[in-house]
Chemist: 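Take a look at this one; I'll ask things after.
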Amino acid sequence: MFDYRQYKRGYFMPPVPSYDWVKKEYIDKAPIWCSVDLRDGNQALIEPMSLEEKLEFFNMLIEVGFKEIEVGFPAASETEYTFLRTLIEKNMIPDDVTIQVLTQAREHIIKKTFEAVKGAPKVIVHLYNSTSLAQREQVFAMSKDEIKQLAVDGAMMLKELAQKDGGNFSFEYSPESFTGTEVEYALEVCNAVIDVWEPTSEKKCIINLPATVEMSLPHIFASQIEYMSKNMHSRDNVILSLHPHNDRSTGVADAELGILAGADRIEGTLFGNGERTGNVDIIALGMNMYSHGVDPKLDFSDMPKLAETYERLTQMTIGDRHPYCGKLVFAAFSGSHQDAISKGMHYRVEHDQDHWTVPYLPINPEDVGRTYDSDVIRINSLSGKGGVAYVLEHNYGMIIPKKMREDLGYAVKDVSDIKHKELSPDEVLAIFESRYKKYTPEFKIVEVHFKQINGIQTTVTIEKEGERINVEAGGNGRLNAVSNALAQYFNAPCNICCYEEHTLNNKGSESSAIAYVGITGSDNKNYFGIGIDHDIIRASIDALESAMNRSLEGNKN
């Protein structure tokens, strides 16, 4: 049954909505980040991480730069408890990092949680209970006052136990399923908790508003957050936090608009791992800020390593199109895209190397550890001449003349189409060389001699079908003289329409030169060849030889 009529909107608008957040253009500074990979993310895995795997993941989060990390629900299982104790007893928590632990608003769970964190240098104790209409009616069968009292009692117990312990504690409260809670009631519960904790500027508390299930468009969520932020008790002493999930596939938008609406802190995971459709993806959020020139305060410079470690430890798979980190997110197969990227890269070198404005690439792939040769311009049957030319230039230093690019582009596309596969840079080079370099099915130029008499006189030794003949001709230059000799011998046009040359820097050897020659055949089509040699004259003659061979072959067919 696929019946839309069974659903109704389950969210609640604020009693007095405001939209001041709309007036803000962009996020101008990074929020406080809290990774919940080791709690929310881990509990969503088919096979939760082992102790050793969690320790490796914890160290990876430290390297990325997280200063707040939720390490688990220590009262929930022995594994969670052991992991927490290992971190504490082996002094694995850096001085500038605060661990966070989760507890339900239930007395025995709160007490066990405080036992578990004994000796930790800095701890956020995260208290929660569900406040949504659906949970109140269907799960707990409790009134609003009873639900609020659960939160207040839990908050009082946290305060009392922290005072007895004397440790360095901070408090956090979440009205779970905030998005399904009447906003004014959520505010009432949160304010009651704040009043118990009495936060100060030196000892702030955290109020975390989770989109436990996404229910609305992102602008509705932002309005809910703005209402909470504007009406919260002791707002200056409260860190307003968000914990968006991704049920409607707009978790990142919720977080971004929520920050504009007043949020100071974001809880999420790397690559968006989490229950159902996952938590908000902190990498996407951070890199979105980065692409606007804002420091995200997290280091994603080695994205391939992050992705490999994540996939190995969680046994999850990152999608090829996952923003900023998927294998294909910078790949351009389309000919028009490739051409624009290629031109944009040249423009950047020539005009503005300080700012990134390359078309189709929101960031420089190298910033996140990706490479141009294998990640950006990808060649298949839909690729264009610009992309093929870019691959040869970037990987092998060959600057293909504009007149030659269309012919080369079609040749490469044909091979990809026939093989029905993407072509590697080496395969593109092989097609290029087999088509244009030393292409001699009709004849070979064995020797060439020049004399400077009334311009340039040449004697060209041509080998055809096992026989050699010397042909003499003149011209206004060496290449022109050779082309005149070929035209005379074959009684066919050999008019040069394109000539370019440049040096090639080959690793481990002397620099050589590459020459590109195009001629117009009797059918008015252009035919091309290349030559590579330490002597530019020899390279030019080789290129002309290949071009003329292709012209003769083409006109014969």
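Fair warning: this is a prediction, and the values are worked out from it, not measured in the lab.
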Chemist: Residues in ring pair (Phe, Tyr, Trp, His ring centres under 6.0 Å) with Y310, at least two apart?
Modeler: F271
Chemist: For a 4.5 angstrom cut-off between non-hydrogen side-chain atoms, does P244 reach P210?
Modeler: no
Chemist: Any side-chain heavy atom of I27 within less than 4.5 Å of one from L260?
Modeler: yes
Chemist: Once salt bridge (Lys or Arg N to Asp or Glu O under 4.0 Å) is applied, what residue pairs with a partner in residues 237-251 remain, sequence neighbours excluded?
Modeler: D247-R276
Chemist: Starting from the C-alpha separation in whole Å, work towards a yes-or-no answer on side-chain contact (heavy atoms from CB on, under 4.5 Å) for I93 and K122.
Modeler: CA-CA 9 Å; I93 307 168; K122 289 184 291 186; over 6 Å; no
Chemist: Side chains of S143 and D145: do they bring a donor and an acceptor to under 3.5 Å?
Modeler: no
Chemist: Would one find more than 12 heavy atoms of other residues, nucleotides or ligands at under 6.0 Å from atom CE of M156?
Modeler: no
Chemist: How many angstroms lie between CD in E176 and CD in Q135, if you round to the nearest 0.5 Å?
Modeler: 5.5 Å
Chemist: Mind checking salt bridge (Lys or Arg N to Asp or Glu O under 4.0 Å) for D295 and listing every partner two or more places apart, or none if nothing turns up?
Modeler: K297
Chemist: Please determine whether the number of non-hydrogen atoms from other residues, nucleotides or ligands lying under 6.0 Å from atom NZ of K24 exceeds 12.
Modeler: yes
Chemist: Between the side chain of K159 and the main-chain N/O of V196, is any donor-acceptor distance below 3.5 Å?
Modeler: yes
Chemist: In plain terms, say whether K111 and E107 are close enough for a salt bridge, that is, a side-chain N and a carboxylate O under 4.0 Å apart.
Modeler: yes
Chemist: State whether the side chain of K29 and the backbone N or O of V294 hold a donor-acceptor pair below 3.5 Å, judged by distance alone.
Modeler: no
Chemist: Evaluate the side-chain contact (heavy atoms from CB on, under 4.5 Å) criterion for residues Q315 and L45: first the C-alpha distance (whole Å), next the side-chain angles of each, then the deciding distance (0.1 Å), finally the verdict.
Modeler: CA-CA 8 Å; Q315 300 179 48; L45 299 178; over 6 Å; no
Chemist: Just by modelled atom types, is the L257 backbone N or O under 3.5 Å from a matching donor or acceptor in the W21 side chain?
Modeler: no
Chemist: Please answer whether the main-chain N or O of K413 pairs with a side-chain N or O of S416 as donor and acceptor at a distance below 3.5 Å.
Modeler: no
Chemist: Roughly how far, to the nearest 0.5 Å, is CG of L38 from CE of M60?
Modeler: 8.5 Å
Chemist: Find out whether V71 and V101 are in side-chain contact, i.e. whether some heavy atom of one side chain is under 4.5 Å from a heavy atom of the other.
Modeler: yes
Chemist: Atom CZ of R39 and atom NE2 of H126: how far apart are they, to the nearest 0.5 Å?
Modeler: 7.0 Å
Chemist: Is a side-chain donor or acceptor of N208 paired with a backbone partner of Y173 at a separation under 3.5 angstrom?
Modeler: no
Chemist: Would you say T179's side chain and V213's backbone share a donor-acceptor pair under 3.5 angstrom?
Modeler: yes
Chemist: Return the set of residues passing ring pair (Phe, Tyr, Trp, His ring centres under 6.0 Å) with Y360 (not counting sequence neighbours), or none when no residue passes.
Modeler: H337
Chemist: Work out which heavy atom in D367 is nearest to a heavy atom in Y290; give both atom names and the distance.
Modeler: OD2-OH, 2.9 Å
Chemist: Any idea which heavy atoms bring W356 and P362 closest together, and the distance?
Modeler: CD1-O, 3.9 Å
Chemist: Check whether any side-chain heavy atom of V64 lies under 4.5 Å from a side-chain heavy atom of F300, and answer yes or no.
Modeler: yes
Chemist: Identify every side-chain donor-acceptor pair in residues 113-120 under 3.5 Å, counting partners at least two apart or on other chains, and give the distances.
Modeler:
{"unit_1": "T113", "atom_1": "OG1", "unit_2": "I109", "atom_2": "O", "d": "2.7"}
{"unit_1": "K118", "atom_1": "NZ", "unit_2": "D165", "atom_2": "OD2", "d": "3.0"}

Chemist: Determine yes or no for a side-chain-to-main-chain donor-acceptor pair under 3.5 angstrom, with T212 supplying the side chain and S177 the backbone.
Modeler: yes
Chemist: Quick test of your reading: applying salt bridge (Lys or Arg N to Asp or Glu O under 4.0 Å), list the pairs with at least one residue in residues 74-91, sequence neighbours left out, ordered by first then second residue.
Modeler: K54-E80, R85-E89
Chemist: Enumerate the residue pairs fulfilling salt bridge (Lys or Arg N to Asp or Glu O under 4.0 Å) with a member in residues 212-238, sequence neighbours excluded, ordered by first and then second residue.
Modeler: D20-K230, R235-D264
Chemist: NZ of K343 to CG of D339: how many Å apart, nearest 0.5 Å?
Modeler: 4.0 Å
Chemist: With the side chain counted from C-beta on, respond yes when R370 and V329 share a heavy-atom pair under 4.5 Å apart, and no when they do not.
Modeler: yes
Chemist: Does the side chain of P175 reach to within under 4.5 Å of the side chain of T181, using non-hydrogen atoms?
Modeler: no
Chemist: Do V125 and L127 have side-chain heavy atoms sitting under 4.5 Å apart?
Modeler: no
Chemist: Mind listing the closest non-hydrogen atom pair of N237 and S201 along with its distance?
Modeler: OD1-N, 3.2 Å
Chemist: Could you list all the salt bridge (Lys or Arg N to Asp or Glu O under 4.0 Å) pairs where at least one residue sits in residues 4-14, not counting sequence neighbours?
Modeler: D3-R5
Chemist: Considering all heavy atoms of both residues, which atom of I282 and which atom of C34 are nearest to each other, and what is their separation?
Modeler: CD1-O, 3.8 Å
Chemist: Might you work through the side-chain contact (heavy atoms from CB on, under 4.5 Å) test for C325 and I318, ending with a clear yes or no?
Modeler: CA-CA 8 Å; C325 48; I318 298 169; 4.3 Å; yes
Chemist: Take K203 and W197, measure what side-chain contact (heavy atoms from CB on, under 4.5 Å) needs, and give me the verdict at the end.
Modeler: CA-CA 10 Å; K203 198 73 172 179; W197 284 340; over 6 Å; no
Chemist: Which residues pass the ring pair (Phe, Tyr, Trp, His ring centres under 6.0 Å) test with Y324, not counting sequence neighbours?
Modeler: none
Chemist: Decide if atom CD of Q6 counts as having more than 12 heavy atoms of other residues, nucleotides or ligands within a radius under 6.0 Å.
Modeler: yes
Chemist: If you look at every heavy atom in D254 and L242, which pair is closest and at what distance?
Modeler: O-CD1, 4.4 Å
Chemist: Looking at CE of M92 and CD1 of I62, how far apart are the two atoms once the value is rounded to the nearest 0.5 Å?
Modeler: 9.0 Å
Chemist: Looking at Y185 and K144, would you say the former's side chain and the latter's main chain have a donor-acceptor pair under 3.5 Å?
Modeler: yes
Chemist: Report the residues that fulfil side-chain contact (heavy atoms from CB on, under 4.5 Å) with I32, sequence neighbours left out, ordered by chain and then residue number.
Modeler: E68, I239, R265
Chemist: Would you find a donor on one side and an acceptor on the other, under 3.5 Å apart, between the side chain of N191 and the backbone of H233?
Modeler: yes
Chemist: Residues in ring pair (Phe, Tyr, Trp, His ring centres under 6.0 Å) with H245, at least two apart?
Modeler: H243
Chemist: Which heavy atom of T131 sits nearest a heavy atom of R136, and at what distance?
Modeler: O-NH1, 2.8 Å
Chemist: If a pair satisfies ring-ring contact (aromatic ring centres under 6.0 Å, His included) and one of its residues is in residues 53-87, list it, with sequence neighbours excluded.
Modeler: none
Chemist: Using modelled atom types only, decide if a donor and an acceptor are shared between the side chain of N279 and the backbone of N273 within a distance under 3.5 Å.
Modeler: yes
Chemist: State the CD1-OG1 distance between I110 and T103, to the nearest 0.5 angstrom.
Modeler: 5.0 Å
Chemist: Using a cut-off of 6.0 Å, state whether more than 12 heavy atoms not belonging to Y26 lie near its atom OH.
Modeler: no
Chemist: Do the non-hydrogen side-chain atoms of V358 and M345 ever get within less than 4.5 Å of each other?
Modeler: yes
